[in-house]
Number of protein chains: 2
Amino acid sequence: MARATVQDVAKTAGVSVGTVSRVLNGSPAVSTASREKVNEAIRRLSYRPLASARDLRRDRTMRVLALAKNLESLVVSEVFRGVGDAAADSGYVSLIAATAGDLEREQQLVDMLRNGSVDGMVLFSPTMPDEDVDAVAGQLSVVQVCEIVDADAAFGVSIDDRQAAYDMTRHLIDTGGRRLAMIAHRSARSGRLREAGFRQAVADAGLPPGRVLSGEGGFGFHAGRRLARELLAAGDLPDAVFCGTDIAAAGCVRELTDAGLRVPHDIAVAGFDDSAQAEMCVPELTTVRQPAYEMGRVAFAELLERMTVPGAHRRGRVFLPHELVVRDSTKG
Amino acid sequence: MARATVQDVAKTAGVSVGTVSRVLNGSPAVSTASREKVNEAIRRLSYRPLASARDLRRDRTMRVLALAKNLESLVVSEVFRGVGDAAADSGYVSLIAATAGDLEREQQLVDMLRNGSVDGMVLFSPTMPDEDVDAVAGQLSVVQVCEIVDADAAFGVSIDDRQAAYDMTRHLIDTGGRRLAMIAHRSARSGRLREAGFRQAVADAGLPPGRVLSGEGGFGFHAGRRLARELLAAGDLPDAVFCGTDIAAAGCVRELTDAGLRVPHDIAVAGFDDSAQAEMCVPELTTVRQPAYEMGRVAFAELLERMTVPGAHRRGRVFLPHELVVRDSTKG
DNA sequence: CAGAGGATTGGAATCGATTCCAAAGATCTT
DNA sequence: AAGATCTTTGGAATCGATTCCAATCCTCTG
């Protein structure tokens, strides 16, 4: 029993293929009688229009692809949930793919946009060089989110990482921090921006520039621990540490606690992202919340515009507001 | 500048469309001269074969879809990483979609299999009723993973959750546990199996049946805390608690610790899944590791067989070996 | 050097759904 | 009741890549 086609449905229903197609697409130019016959035939044959044939004729797929290196982070999955919901509201399906930081895999997925497998793409953390992002975004419907490349043609949605880090550093200073340090992730764009915000805030407060430790290759719990250990080993302990992510902050807190220090009494620690881990840490982490879900929704809205109004390629970026979440790891 | 077609390439290269297509598909029946002319034309026009046209003609897409409720869990993302890698090895692209437990969304995504948007599907935790899974799996290329529905036609890859829970419970008993309790998640299939394994192990050891608390609606950190609080409130404290997931175990440990109990000295706690949180917890969690990546690879291998050998619809399920990871939250 | 056999090529048919155009049918007007 | 208008319908053309068949071009063999 091969797949039924529009021809089969037409024959079964005793009408022409044109009429079947009109029923499928909700055209009003069909009599009630025909519509019912067609629907009955569709049911009997359990017919589904073949996607590739439809896409070919219509020249669009109603699918978008969201790309990230990996998916286990709460920010990524919330952003993509936002994209997915917004897409669904507009009749699109949003698919997700993880590149694992593999350039070749990423190229292959971007090719899905070039070859019309999907109509648009949301780019979370591209591995390819900036100029490639620019080239792709110049021709195709692409919107960046969170980890945004500086590209002329590209458009992106994110928080102001620099300002958010500035604000958090300011909070550390306002609550008594004088010797600040940062555990940064320079390998990520957002990490570099957060570092810049940290440095600026320290400088603006007239404090001596704090030590900045950067995790090379990985920035997880263990990196946080290792860098905290370095901090301890270096002596001249800071009284506040700003970590580029909550996971690293959790590692940092753990290492400091194991060394007998009390957080925040002896040393304050702040994270970033308001991950699930922020609440699971002891003490619970002060952190910066990104409106991840909303960012996803906004990203899709922009993407939709690019997909449907091909001329309207807005450039630049949109910043959504971040929020300081003060918990127990810093002095309230 | 509209998209170039195979016709344009043929014209530019001064050959026929047949030859262009042969070059595109690596057919040996092309002279070196023609091949070079075609490749040159492809480069000049930056031509990409349109996916929908190709898919229509070939009657397959070389794409598979992996479905789960949500993606932030390490198990899901590792499974899907395995699927993705195995797919790439066979020239397939694997896409991911999250249903958020929304039945309508899930139906829409399953429709992508029915309408030929993808060639196969990996189902992690279906929301639809078992008989629907059965119906879909009976006709289409579907493989289940981890959260496996009992369906005649369906095929699935998982660990033996029941046995794994049995083994972990046995470990709790072997290390001195006599009054056992479980924090379970009955809303998930795997949760029910783990509960059954727990009960069996307790019974086999001749111990009194332990108290089992089940989290309704959500089974995260907070649910773990709440259920641990219930345990405390009930008095007659157990000396070992088996939690259905690491996240719940982390919540449980936190609540017990806050109540002044020492883990594992006063009460042992075990988790399940070997999530990232298992190592971040204080004390680090004893847990069960699932070979998630490998499960993804095996799932794709099975899927490939279903996609390419349509007759060979293997039923039943494959169990992959689990592993007890003993850390500090139980008495070594 | 004729002819067999192989290598290469061109081009039409095909996949299945949509859409446009012309025609047929229905309804209304006067 | 004829003509005008509106509704509904059938069917061919179309989207772009692949593939099969027949035709052409080589290269050897004897």
Side-chain angles (χ1 to χ4, degrees), chain A residues 1-39 41-42 45-63 91 111-119, chain B residues 1-39 41-42 45-63 91 111-119:
Chain A
M1 176 189 71
R3 147 183 288 287
T5 73
V6 76
Q7 307 281 348
D8 302 326
V9 175
K11 201 174 301 168
T12 306
V15 299
S16 75
V17 296
T19 301
V20 174
S21 181
R22 276 178 287 254
V23 171
L24 286 170
N25 296 288
S27 156
V30 183
S31 68
T32 312
S34 303
R35 190 184 310 281
E36 275 168 8
K37 281 190 292 179
V38 169
N39 281 327
I42 288 176
L45 303 173
S46 52
Y47 164 79
R48 308 275 161 160
L50 189 73
S52 53
R54 179 184 285 218
D55 294 346
L56 171 61
R57 192 55 236 256
R58 288 201 179 148
D59 198 26
R60 69 198 162 124
T61 63
M62 302 304 277
R63 274 176 256 140
D111 263 357
M112 291 186 61
L113 189 49
R114 293 213 180 84
N115 72 21
S117 291
V118 295
D119 296 340
Chain B
M1 176 190 72
R3 149 183 287 287
T5 73
V6 76
Q7 307 281 348
D8 302 326
V9 174
K11 201 175 300 168
T12 307
V15 298
S16 74
V17 295
T19 301
V20 174
S21 181
R22 264 163 249 148
V23 170
L24 286 170
N25 295 289
S27 156
V30 183
S31 70
T32 311
S34 303
R35 190 182 310 278
E36 275 168 8
K37 280 190 294 181
V38 169
N39 281 326
I42 288 176
L45 303 172
S46 53
Y47 164 79
R48 306 276 163 159
L50 189 73
S52 53
R54 178 184 285 217
D55 293 346
L56 171 59
R57 193 54 235 259
R58 289 201 180 147
D59 196 27
R60 68 199 163 124
T61 63
M62 302 304 277
R63 274 177 257 138
D111 263 358
M112 291 186 61
L113 188 50
R114 293 213 180 84
N115 72 20
S117 291
V118 296
D119 296 340

A:Ser27 backbone acceptor or donor facing A:Asn25 side chain under 3.5 Å
no
Can you see if the side chain of A:Ser21 gets near the phosphate of C:dT18 - specifically, an N or O under 4.0 Å from OP1 or OP2?
yes
Euclidean distance, atom NZ of residue B:Lys11 to atom C1' of C:dG10 [Å, nearest integer]:
15 Å
Can a side-chain donor-acceptor contact be found between A:Asp119 and A:Thr61 if the only test is distance below 3.5 angstrom?
yes
Does any N or O in the side chain of A:Arg35 come within less than 3.5 Å of the main-chain N or O of A:Val23, such that one atom is a donor and the other an acceptor?
no
Sub-3.5 Å donor-acceptor pair from the side chain of B:Thr12 to the main-chain atoms of B:Asp8, do we have one?
yes
Send over the distance from A:Asn25 CG to C:dT19 P, rounded to a whole Å.
6 Å
Between the protein and nucleotides 7-11 of chain D, list every N/O to N/O distance that falls short of 3.5 Å.
| unit_1 | atom_1 | unit_2 | atom_2 | d |
| --- | --- | --- | --- | --- |
| D:dT9 | OP1 | A:Ser31 | OG | 2.8 |
| D:dT9 | OP1 | A:Ser34 | OG | 2.2 |
| D:dT9 | OP2 | A:Ser31 | N | 3.0 |
| D:dT9 | OP2 | A:Ser34 | OG | 3.4 |
| D:dG10 | OP2 | A:Ser16 | N | 2.8 |
| D:dG10 | OP2 | A:Ser16 | OG | 3.2 |
| D:dG10 | OP2 | A:Thr19 | OG1 | 3.0 |
| D:dG10 | N7 | A:Arg22 | NH2 | 3.0 |
| D:dG10 | O6 | A:Arg22 | NH1 | 3.3 |

Please check this pair: side chain of B:Arg3 against backbone of A:Arg114, looking for a donor-acceptor N/O pair closer than 3.5 Å.
yes
Any side-chain heavy atom of A:Leu50 sitting closer than 4.5 Å to one from A:Thr5?
no
Apply the side chain to side chain contact (heavy atoms under 4.5 Å, CB included) test between A:Val6 and each candidate in A:Val20, A:Ile42, A:Thr19, A:Val38; give the one that qualifies.
A:Val20
Kindly say if B:Tyr47 contacts the phosphate of D:dG16, meaning a side-chain N or O under 4.0 Å from OP1 or OP2.
no
Distance, rounded to the nearest Å, where B:Gln7 contributes CD and D:dT18 contributes P
12 Å
Close approaches to DNA chain C from residues 48-59 of chain B, in residue order (heavy atom, under 4.0 Å)
B:Leu56, B:Arg57
Below 4.5 Å, heavy atoms only, C-beta onward: do B:Arg22 and B:Ser34 meet side chain to side chain?
no
Quick one: A:Arg3 CZ to C:dT14 P, roughly how many Å, whole number?
20 Å
